[in-house]
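This report refers to the structure that appears directly beneath it.
The figures here come from the full heavy-atom set of this structure, side chains too, leaving out hydrogens, waters and symmetry mates.
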Amino acid sequence: SNVTNSLRNKTLIVTTILEKPYVMQRKSDEELLGNDRFEGFCIDLLNEIAAILGFKYEIYLVPDGQYGAPTEDGDWSGMVKELIDQRADMAVAPLTISY
């Protein structure tokens with residue numbers, strides 16, 4: 001209940017990466033803006049979670065096109081860096097945790 005209430009009526013910034021069939025650019029004869037630019041399994045899942053928990057979101061593609069990995073200087077790249085640096089509240093993508 002605390003998570004549900006804490007997200008209700010908030011707008012989350014969501015970073016993602018293009019990876020078929022999870023996140024894809026929607027094809028259209030008209031220019032698509034905002035979240036309408038994307039479709040796929042991860043987007044469908046995000047829509048359902050947002051509806052259940054009552055939040056809105058704005059999606060953007062991760063600038064470096066990377067999922068995220070440690071860098072030589074101890075920092076991170078990709079979507080993980082976006083989260084660490086608090087530029088995104090959530091990453092939505094087909095992520096795999098590996099050690």
### Query
Can you tell me how far the CG atom of Leu61 sits from the CG atom of Leu18, to the nearest 0.5 Å?
4.5 Å
### Message
Keeping Thr71 on the side-chain end and Asp75 on the backbone end, is there a donor-acceptor pair under 3.5 Å?
### Response
yes
### Met79 reachable from Val23 in the ILVMFWY side-chain graph, under 4.5 Å edges
no
### Query
Going from CD1 on Ile59 to CG on Asn35, what distance comes out if it is rounded to the nearest 0.5 angstrom?
4.5 Å
### Query
From Ile49 CD1 over to Leu7 CG, what is the distance, rounded to the nearest 0.5 angstrom?
10.5 Å
### Query
Has the side chain of Thr16 got a donor or acceptor atom that lies under 3.5 Å from a matching backbone atom of Ala93?
no
### Query
With sequence neighbours left out, which residue pairs that include part of residues 42-54 fulfil the side-chain hydrogen bond (donor to acceptor under 3.5 Å, both in side chains) condition?
Asn47-Tyr57
### Query
Can you find a pair of side-chain heavy atoms, one from Pro21 and one from Phe41, that are under 4.5 Å apart?
no
### Task
Determine the minimum heavy-atom distance between Cys42 and Val92, stating which atoms define it.
CB-CG1, 3.5 Å
### Summary
CD (Gln86) and NZ (Lys81) are apart, to the nearest 0.5 Å, by 12.0 Å
### Message
Same cluster or not: Val62 versus Tyr67, using hydrophobic residues (I, L, V, M, F, W, Y) connected whenever any side-chain heavy atoms lie under 4.5 Å apart?
### Response
yes
### Query
Which atoms form the tightest heavy-atom contact between Asp64 and Gly78, and what is the distance?
OD2-N, 2.8 Å
### Query
Does atom CG of Asp73 have more than 12 heavy-atom neighbours, drawn from other residues, nucleotides or ligands, at distances under 6.0 Å?
yes
### Query
Can you tell me how far CZ of Arg37 sits from CE of Met24, rounded to the nearest 0.5 angstrom?
15.0 Å
### Pair Val14-Glu58, side-chain contact (heavy atoms from CB on, under 4.5 Å): steps then yes or no
CA-CA 6 Å; Val14 178; Glu58 296 175 8; over 6 Å; no
## Note on the structure
All heavy atoms of Ala88 vs all of Tyr60, minimum pair found to be CB-OH, 3.5 Å
### Task
State the CG-CD1 distance between Asp36 and Ile43, to the nearest 0.5 angstrom.
11.0 Å
#### Entry: Linked, directly or transitively: Ile52 and Phe55 (ILVMFWY side chains, under 4.5 Å)
yes
### Message
If hydrophobic clusters are built from ILVMFWY residues whose side chains come within less than 4.5 Å, do Leu12 and Leu83 share one?
### Response
no
### Identified side chain to side chain contact (heavy atoms under 4.5 Å, CB included) partner of Glu82 from the options Gln66, Met90, Arg87
Arg87
### Query
Same cluster or not: are Phe38 and Leu46 linked, directly or through other Ile, Leu, Val, Met, Phe, Trp or Tyr residues, by side-chain heavy atoms under 4.5 angstrom apart?
yes
### Message
Show the nearest heavy-atom pair for residues Val80 and Gly68, with the distance to one decimal.
### Response
CG2-CA, 4.0 Å
